[in-house]
Every structure is written in C-alpha cells, then in structure tokens.
Amino acid sequence: MSSIGDSLQESPARHLPRSPWLLAANQLRRNRGALIGLAVFLLLLTLTLLSPFITPYDPVKMSATDYLKAPSAAHPFGTDRYGRDILSRTLAGGRISLAVGLVSVVIAALGGTVLGAVAGYFGGLADGVIMRLVDVLLAFPGLLLALGIVALLGPGINNVILAVGISGVSGYARLVRSCVLAAREELYVEAARATGCHASRILWRHMLPNLVGPVIVLSTLDIAWAILTASSLSFLGLGAQPPTPEWGAMLNEGRGLLVEAPWLTIFPGLMIMLTVLSVNVFGDGLRDAVDPRMRG
C-alpha cells in the first residue's frame, strides 16, 4: 500500500509541464553536430582571445630576413612579404574579425528589436514610418548597403561595425514586429492592460521577454553573415588598415601572391571558413531546438 501511495504522490510531479528552455536544452544536447559547431567556435574564440600570450611573434613586427618563408617549424603558417609571422597575424586578426561580427550583431539586434517592438505594439503612424524605413533598408543587399555606409563614413573598423550593424537591423525589426503583433492579442497582455499597466511596461516587461528565443536564434545565424560581410569590406580596403591584421585584409594582401606564396591566403581563409561553418551549424541546431515543431 505504501508503494502505491508513494507512486500516487510522485505521479503529479512527473507529469508537470517542463520549461520550454529546458526542452530546448535537452534537444540541443542530442544534436551532436550543433555541439561540435559550438565547440569549434569556442575553441577559435579562445585562441584568438589568448593570442597575445600564445603567439610566438609580434603580429606587426617586420623582418627583412624572413621574407616569404614557407610554413616551417619556426613559422608554422609561414611569413608574408614583410617577414611577419602568419600564425601570429591570423590569431591576432581573429580578435578583430570576431569582435566586429559579434558587436555588429548586437547593434543590429538591439536596434531592430526596439524598432520592431514599437511598430508592432503601437501600430498606426509609428508602424507605417518604421516599416517604410525597414523596406528601404531591405531594398539593398546587405553587403551593398554596408559598402555604401562605409563609403560615406570612411574606412575603419568602427565604421565597419556600424555599417554591418545597420545592414542587419531590418531582419530583426520584421521578426520582432510579427511576434509582437501576435502577442499583443494574448490573454496575459489583455490582463496587463486591464490592471492599468502602461504601454511601455507591457511591452518591455511582459512581451519582449517572450521574444528572446527567436532573437537569439537569428543573432546566432547572423554572426556568420556579419563576419563574412566585415571581412569582405576589409578585403576591399575599407576595414582594418595596415599594418593591423584582420582576416579579410590578410586575404587582400595575399591575393597577388597566390602562386608564389599560397599560405598567405590559405590560413586566414581557412579561419573564416571554420568560423562561419561552426556558427552556421550551431545556429541551425539551436533553431531546431527552439522551434517546437522540430522536436522529436
């Protein structure tokens, strides 16, 4: 009898609804590809952050005696035409490339979330003005828009971050607006209105916390796009300026020596490929985990 009573007492707890975030975490743990992608990205991020302590040479120090040396024990990634160590420059350049990608995505996510939330909740004139601005941004390809903004502001890492961030605002604005339009008719929003909550409190305290999941998923996927866009701008000479190492700028420096010294472009290009691939794989897994329709 005691065992039956214990089972009756435990059974309600077993059938309590589980947190959506816990379900997503369990789904993500079962996705081996996503975990490998996350591990590779974290490894690359750690190596680039620790580059001042683990790189064997100064990434900007020139050496006349080490002109275009092929990969060797002394220089595992070889040297460039100024005698600078490619391994040191690749890891140091990763700090800039990853920082540009991450910060620009934060700018895009914050700006797009604010605009989309205001447009979706208040509607009317605010919705019309904001969404027409978003339509203008969407009329240009992301790289072309970022290129135009940098051309107006001038070359430099800070301007590249701002340009890439502005180019990504439209995606977040449309996503958040659609989510807010659906959420503002929910019962919890009606209850908050009935208790006299101000519109800003309803929006920021009750509605936006429920939009964190989609925004995080989109941000994860956008990191790869931001890194590629920033590297493309640096390749064109609009991002990091010499002698600052950056993956896109390093590709530009080595493009004239593809036959004579292919290692100048192979290693920074490989870093871009691994970073973008790992982020995309993890982002796909995170999207599948957050989306209830994809849960097995």
Side-chain angles (χ1 to χ4, degrees), residues 17-25 27-28 101-146 149 162-226 229 279-280 282-295:
R18 304 176 70 183
S19 166
W21 289 105
L22 182 59
L23 292 173
Q27 178 75 12
L28 186 61
L102 294 173
V103 175
S104 60
V105 167
V106 171
I107 293 174
L110 290 178
T113 298
V114 172
L115 292 177
V118 171
Y121 186 81
F122 294 101
L125 180 62
D127 185 25
V129 172
I130 291 175
M131 296 315 296
R132 296 298 77 74
L133 175 61
V134 170
D135 290 339
V136 171
L137 295 178
L138 287 173
F140 299 92
L143 178 58
L144 181 60
L145 179 60
I149 295 174
L162 184 60
V164 176
I166 294 175
S167 301
V169 164
S170 57
Y172 294 92
R174 289 171 64 89
L175 172 67
V176 173
R177 176 181 177 270
S178 63
C179 293
V180 170
L181 285 174
R184 70 180 183 180
E185 305 300 330
E186 296 289 339
L187 290 178
Y188 71 90
V189 176
E190 295 292 340
R193 290 192 188 122
T195 58
C197 287
H198 192 269
S200 60
R201 180 179 178 84
I202 295 174
L203 188 59
W204 307 117
R205 183 71 179 272
H206 297 286
M207 299 180 70
L208 285 186
N210 296 319
L211 307 178
V212 172
V215 171
I216 290 178
V217 172
L218 181 58
S219 299
T220 304
L221 294 171
D222 268 0
I223 291 175
W225 170 83
T229 303
V279 172
N280 276 335
F282 173 69
D284 288 339
L286 182 61
R287 179 192 58 198
D288 296 343
V290 172
D291 189 350
R293 295 171 298 181
M294 304 297 294
R295 294 177 188 156

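Note that these values count all heavy atoms, side chains included, but never hydrogens, waters or copies made by symmetry.
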Hey, could you give me the CG/CD1 distance between Leu144 and Ile149, rounded to the nearest 0.5 Å?
10.0 Å
Donor-acceptor contacts, no H, no angles, side chain residues 101-124, under 3.5 Å, sequence neighbours left out:
| from | atom 1 | to | atom 2 | distance (Å) |
| --- | --- | --- | --- | --- |
| Ser104 | OG | Val100 | O | 2.7 |
| Ser104 | OG | Gly101 | O | 3.0 |
| Thr113 | OG1 | Ala109 | O | 2.6 |

Give, for atom CG of Asp127 and atom CZ of Arg177, the distance between the pair rounded to the nearest 0.5 Å.
4.0 Å
CG of Asp284 to OG1 of Thr220, rounded to nearest 0.5 Å, is 10.5 Å
Exercise answer: donor-acceptor pairs, residues 129-143 side-chain atoms, under 3.5 Å, sequence neighbours excluded:
| from | atom 1 | to | atom 2 | distance (Å) |
| --- | --- | --- | --- | --- |
| Arg132 | NE | Asp135 | OD2 | 3.0 |
| Arg132 | NH2 | Asp135 | OD2 | 2.9 |

Please list, chain by chain and in numerical order, all residues satisfying side chain to side chain contact (heavy atoms under 4.5 Å, CB included) with Leu175, sequence neighbours excluded.
Cys179, Pro214, Leu218
Closest contact, heavy atoms only, Ala146 versus Thr229
CB-CG2, 4.1 Å
